[in-house]
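Below: one structure, written as structure tokens.
A, B, ... follow the sequence lines: proteins, then strands. Residue 1 opens every chain.
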2 protein chains.
Amino acid sequence: MTARTSPEAAREIPEATVARLPVYLRALTSLTEAGTATCSSEELAAAAGVNSAKLRKDLSYLGSYGTRGVGYDVEYLRYQIAREIGVTQDWPVVIVGIGNLGHALANYSGFRSRGFRVVALLDADASRHGELVAGVAVRPFDDLAAIVRDNDVAIGVIATPAPAAQDVADRMVEAGISSILNFAPGVLSVPEGVDVRKVDLSIELQILAYHEQRKAQQARPDGSVDEVPVPLVEQGLVDQGRVS
Amino acid sequence: MTARTSPEAAREIPEATVARLPVYLRALTSLTEAGTATCSSEELAAAAGVNSAKLRKDLSYLGSYGTRGVGYDVEYLRYQIAREIGVTQDWPVVIVGIGNLGHALANYSGFRSRGFRVVALLDADASRHGELVAGVAVRPFDDLAAIVRDNDVAIGVIATPAPAAQDVADRMVEAGISSILNFAPGVLSVPEGVDVRKVDLSIELQILAYHEQRKAQQARPDGSVDEVPVPLVEQGLVDQGRVS
DNA sequence: AGGAGTTTGTGAACGCGAGAACAAAATCTG
DNA sequence: CAGATTTTGTTCTCGCGTTCACAAACTCCT
């Protein structure tokens, strides 16, 4: 692949766009599987669930990969996005905490198929060591540093209970990991230069609950609330019933 | 006052704020467990991992629950936020798709402790029916409508493989569910008035990979790119037409 | 009681992202 | 080959969310 990137083009892709690129990638994969060779921004936007103007603008940050009057070559665009995200290379990943969630993650096929390779599963519980999960043996947490060094691991996944998360994060950073995906609730503190993304299952449900509650209140606009003796009555109404 | 006055006084809480309220809730719970009775916006902001000005502005949408010169009563504020989100009541939830991820979700204690009660686990695979997961029996997917009706379920969780997701969503909506948390990849299409939130594990990793790649390139600003012979794990990603 | 010290709540400035609208570039048609 | 048609890439405008900065309000101390 043309290793000649323009001398520090330094294209700064907006964070909101970066978050959508994987969605486009997935949509393009669907189109490929459906046998589509070419698509317009309208089609792709529909498949990705976004506005076509937004899609075009997002893609414009990567370069001009479309043809006016024609559209995009599905295969070509897919490769360009994959390259931009970095999933044309193989990313070794370690997962720490092999409880229910860790199991699910280790078995999740979406990782491998998207360029992520689980090179190690770690758990502090010695009774789990040696157990095979998705073909990978569970090893002691203390092996972390050696594993990271030997496999050049940059990305770590934390799936431990909350109390252990900060300690695991510290050890990961110490071992040289610079990107962390955290499933444990709570806030992680990490040094400058380390990226953390958090996924909190119960937060998502709570956001849904909020909107659900509003809908229920709206359907009953007499101001009556379920119980809540507390003053400060608020009547929920108005609502742009779309959460994204 | 406030009883049946102008209803347009209803406070419209910004979406970004709604998404942070559960984080504050969690932070307040931590403070309570640590025995803290009162806290300043600085302390709470630190515990929640946000800027204190943002925290104060967020809270101001709920009302004036603090005391100037003093701070917030932890217990009181926690109740107010919980009430606003709606987690003072009990939300029945159904989970569809009891694979690895469904298992993990069913066992996730964070749901119950935050006002969500898993009333049913559904799976299309008959060989799983009757199996107990986290004390709840797995039942046929066709029981959905009856379960939703009998338990007044408003929230559904989809943890099936991607191809089944849209069908499950359709059936959920038909059964009367109006909020969906979707773990399956791909875009769900639902009617107006139904909220969908998506959690995509591989997308989070891809976002991390993008930033990780940037860090690597930045450390080596000569424009060189890693060798990348591109074995491309996924199906034919290969021959990208040509690079102009 | 009054002044000093805190800390909240909010008005205002600012920056980023979303969407509309349009010009540029390619194909198609006669 | 010229004009009509299609669709991209980009510019412009608007609204939302973040952050700053400060007045208001409360406590504490003398």
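Closest to the side chain of A:Ser64, from the set C:dA20, C:dT10, D:dG9, is D:dG9. Listed nucleotides D:dG9, D:dC26, C:dA20 differ in distance to A:Ala53; the shortest reach to its side chain belongs to C:dA20. The side chain of B:Ala16 sits closest to D:dT18 out of D:dT18, D:dC20, C:dA18. Listed candidates were D:dG17, D:dC22, D:dT10. Nearest to the side chain of B:Arg56 is D:dC22.
Residue A:Arg68 places none of its side-chain N or O atoms closer than 4.0 Å to OP1 or OP2 of C:dC22. Note on A:Ser41: a side-chain N or O is less than 4.0 Å away from OP1 or OP2 of D:dT8. Listed pair A:Tyr72 / C:dA26 fails the phosphate criterion, with no side-chain N or O lying under 4.0 Å from OP1 or OP2. Side-chain N/O atoms of A:Asn51 include none lying less than 4.0 angstrom from OP1 or OP2 on C:dG17.
Remark: P of D:dA25 and OH of B:Tyr65 are 19 Å apart, rounded to the nearest angstrom. The distance between atom OH of B:Tyr61 and atom C1' of C:dG9, rounded to the nearest whole Å, is 12 Å. B:Glu43 places its CD atom 9 Å from the P atom of C:dT8, with the value rounded to the nearest Å. The CG atom of B:Leu62 sits 10 Å away from the P atom of C:dG9 (whole-angstrom rounding). One atom, CD of B:Glu15, and another, C1' of D:dG17, lie 12 Å apart when rounded to the nearest Å. Rounding to whole angstrom units, CG of residue A:Asp58 and P of C:dG17 are separated by 10 Å. One atom, CD of A:Gln80, and another, P of D:dG9, lie 12 Å apart when rounded to the nearest Å. Protein atom CG of B:Leu44 is 12 Å distant from nucleotide atom P of C:dG9, rounded to whole Å.
Atom OG of A:Ser41 is separated from atom CG of A:Leu59 by 8.5 Å, given to the nearest 0.5 angstrom. Atom CZ in B:Arg78 sits 10.5 Å away from atom OG in B:Ser30 (nearest 0.5 Å). With rounding to the nearest 0.5 Å, the separation of CD in A:Gln80 from CD1 in A:Ile85 is 12.0 Å.
Under 3.5 Å, the side chain of B:Lys57 and the base of D:dG17 form no donor-acceptor pair of N or O atoms.
When every heavy atom of B:Leu201 is checked against every heavy atom of A:Leu181, the shortest pair comes out as O-CD2, 4.3 Å.
None of B:Gln166, B:Met172, B:Glu174 except one satisfies the side chain to side chain contact (heavy atoms under 4.5 Å, CB included) rule with B:Asp170; the exception is B:Gln166.
The nearest heavy atom of DNA chain D to A:Leu59 and to B:Lys54 marks one nucleotide each, and the one closer to the 5' end goes with A:Leu59. DNA chain C is contacted by both A:Val70 and A:Pro14; A:Pro14 maps to the nucleotide lying nearer its 5′ end (nearest heavy atom per residue).
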